[in-house]
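Everything numeric in this text was worked out from a predicted model, so none of it was measured.
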Amino acid sequence: MISAEAWADARLLWDYHFMHHDPRPCSVAVGLGSHDLGVADVTADLYHQGMAPVIVFTGATSPTTRARMPRGEAVHYRERALQLGVPDSAVLLEPRATNTGENIEFTRTVLTEADVKVSSVLLVTKPYEERRSYAMMRKLWPEVEVVCASTRMSLEEYADTIRDARMVIDMIVGALQRMIVFPGWHLAIEQDVPDAVMTAYERLCIAGFTGRLLPADVAPRPGG
């Protein structure tokens with residue numbers, strides 16, 4: 001059972017992770033690979049709205065996605081987009097990246113090799129990865145403008161679609177930890193974290209939602 005307090009704290013983090021950008025036309029839409037096929041759905045919908053002329057799906061596999069997406073995240077995303085009516089000619093694949101830094105680096109290479117000129121990126125992620133991914137893009141690809149997009153739904157609705165609420169809250173907590181730590185590793189720009197969000201994060205860690213935290217010897221937990 002997940003307590004009412006844990007749900008309330010997770011909602012604070014969930015809301016904070018959204019960048020609240022309004023989608024607008026960009027040079028390219030980039031769908032960051034993950035366990036969530038909804039990223040491909042949102043990317044396809046934005047393509048059909050005319051928000052980007054070309055899509056890059058990026059991602060290999062991870063322990064979370066190996067069983068769900070055995071052919072690789074980018075490949076499964078592409079297959080989903082084609083099912084949703086996106087033409088094959090509009091989709092580029094980046095199938096090697098195993099983390100967000102590589103997603104960004106390898107996507108840049110794919111676009112350069114395809115001779116796609118990029119001044120702006122419509123970055124499509126899981127809802128709770130918007131802010132961290134934005135902060136990493138601004139650090140690692142600073143010359144482009146970044147517009148974030150993701151599935152718009154409540155935490156509870158999202159957890160129902162994933163069918164593993166505890167994993168979702170673990171990931172929300174892990175995403176915030178990385179957002180706090182990564183600027184010190186020169187992987188992201190700094191983002192202001194409100195006191196209420198930090199307090200909720202610390203309570204969730206104490207409550208045991210630590211399954212996606214970086215190891216303590218890499219990034220200490222709150223208070224340690």
Side-chain angles (χ1 to χ4, degrees), residues 1-19 31-45 57-81 83-84 95 97-100 102-103 123-134 136 148-182 197-216 218-219 221-222:
M1 288 289 293
I2 298 173
S3 70
E5 180 182 57
W7 276 113
D9 286 338
R11 274 185 228 107
L12 275 176
L13 270 62
W14 174 265
D15 292 341
Y16 172 72
H17 283 308
F18 280 109
M19 293 300 297
L32 296 186
S34 73
H35 63 87
D36 181 3
L37 202 57
V39 173
D41 293 354
V42 173
T43 308
D45 182 58
F57 289 128
T58 168
T61 58
S62 70
T64 306
T65 62
R66 198 162 290 126
R68 300 182 188 208
M69 300 181 182
R71 294 183 299 284
E73 297 153 9
V75 172
H76 283 266
Y77 277 18
R78 173 185 172 275
E79 292 171 353
R80 178 64 171 171
Q83 291 173 358
L84 294 172
T98 59
N99 57 58
T100 308
E102 289 181 353
N103 287 139
L123 188 65
V124 188
T125 70
K126 301 186 296 295
Y128 55 85
E129 291 286 3
E130 277 197 17
R131 187 175 293 274
R132 180 179 69 84
S133 299
Y134 172 83
M136 293 185 71
C148 294
S150 65
T151 304
R152 284 294 179 261
M153 59 178 64
S154 70
L155 169 59
E156 289 83 355
E157 290 170 335
Y158 184 81
D160 283 345
T161 68
I162 301 300
R163 299 182 180 178
D164 190 339
R166 187 167 195 93
M167 183 184 80
V168 170
I169 297 177
D170 276 348
M171 287 187 161
I172 292 170
V173 171
L176 186 61
Q177 182 207 36
R178 286 160 176 77
M179 202 196 71
I180 295 167
V181 170
F182 280 6
V197 172
M198 275 302 302
T199 300
Y201 165 71
E202 291 166 359
R203 280 197 299 257
L204 287 167
C205 289
I206 292 168
F209 293 93
T210 58
R212 299 289 166 163
L213 289 183
L214 297 168
V218 175
R221 296 180 185 179

Practice prompt. Kindly determine whether Leu176 and His17 satisfy side-chain contact (heavy atoms from CB on, under 4.5 Å), including the steps that lead there.
Written response: CA-CA 8 Å; Leu176 186 61; His17 283 308; 3.9 Å; yes
Worksheet item: Do Asp36 and Tyr128 pass the side-chain contact (heavy atoms from CB on, under 4.5 Å) test, and can you show the C-alpha distance, the side-chain angles, and the key distance before you say yes or no?
Response: CA-CA 11 Å; Asp36 181 3; Tyr128 55 85; over 6 Å; no
Worksheet item: Between Leu37 and Met69, does a side-chain contact (heavy atoms from CB on, under 4.5 Å) hold up when you go through it step by step?
Response: CA-CA 9 Å; Leu37 202 57; Met69 300 181 182; 4.1 Å; yes
Fill in: Pair Ser133-Arg131, side-chain hydrogen bond (donor to acceptor under 3.5 Å, both in side chains): steps then yes or no
CA-CA 5 Å; Ser133 299; Arg131 187 175 293 274; over 6 Å; no
Practice prompt. Decide side-chain contact (heavy atoms from CB on, under 4.5 Å) for Met198 and Ile180; before the verdict, give the C-alpha distance in whole Å, the side-chain angles of both, and the deciding distance to 0.1 Å.
Written response: CA-CA 10 Å; Met198 275 302 302; Ile180 295 167; 3.5 Å; yes
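Between Val42 and Ser150, the shortest heavy-atom distance links the atoms CG2-C, 4.0 Å. Here the closest non-hydrogen pair linking Ala97 and Thr58 is CB-OG1, 3.7 Å. Across all non-hydrogen atoms, the minimal contact from Ile2 to Phe209 is CG2-CZ, 4.1 Å. Among all heavy-atom pairs drawn from Thr210 and Cys205, the shortest one is CG2-O, 3.5 Å. Thr65 and Ser34 get closest at one heavy-atom pair: CG2-C, 3.5 Å. When all heavy atoms are compared, the tightest approach of Gly72 to Thr61 is CA-CG2, 3.6 Å.
The CZ atom of Phe57 lies 12.5 Å from the CG atom of Asn103; values are rounded to the nearest 0.5 Å. Taking CD of Gln177 as the start and CZ of Arg132 as the end, the distance is 10.5 Å to the nearest 0.5 Å. Atom CZ of Arg78 sits about 12.0 Å away from atom NE2 of His76, to the nearest 0.5 Å. Note: Met179 CE to Glu129 CD = 11.0 Å, rounded to the nearest 0.5 Å.
Side chains of Thr161 and Arg163: no donor on one and acceptor on the other come within 3.5 Å.
Salt-bridge annotation for Glu156 and Arg11: present, with a side-chain N of the basic residue lying under 4.0 Å from a carboxylate O of the acidic one. A salt bridge links Asp9 with Arg203; the closest basic N to acidic carboxylate O contact falls under 4.0 Å.
Glu73 has its side chain within reach of Ser62: a pair of non-hydrogen atoms, C-beta onward, lies under 4.5 Å apart. Looking at heavy atoms from C-beta onward, Pro63 lies in side-chain contact with Arg66 at the 4.5 angstrom threshold. Within the 4.5 Å cutoff, no side-chain heavy atoms of His35 are placed close to those of Asp164. Val168 is listed as a side-chain neighbour of Leu155, based on a closest heavy-atom distance under 4.5 Å. With a 4.5 Å cut-off on side-chain heavy atoms, Leu32 and Leu123 count as touching. Between Val39 and Thr125, the closest side-chain pair of non-hydrogen atoms is not below 4.5 Å. Within the 4.5 Å cutoff, the side chain of Met171 has heavy atoms near those of the Thr64 side chain. Side-chain contact between Arg178 and Met136 is absent, with no heavy atoms from C-beta onward closer than 4.5 Å.
When atom types are taken as modelled, the side chain of Glu157 and the backbone of Ser154 share a donor-acceptor pair closer than 3.5 angstrom.
Aromatic ring pairs are classed by plane angle as parallel below 30°, tilted from 30° to 60° and perpendicular above 60°; the pair Trp14 and Tyr158 is tilted.
Remark: of the listed residues Leu13, Leu12, Ile172, Leu13 is the sole one forming a side-chain contact (heavy atoms from CB on, under 4.5 Å) with Leu204.
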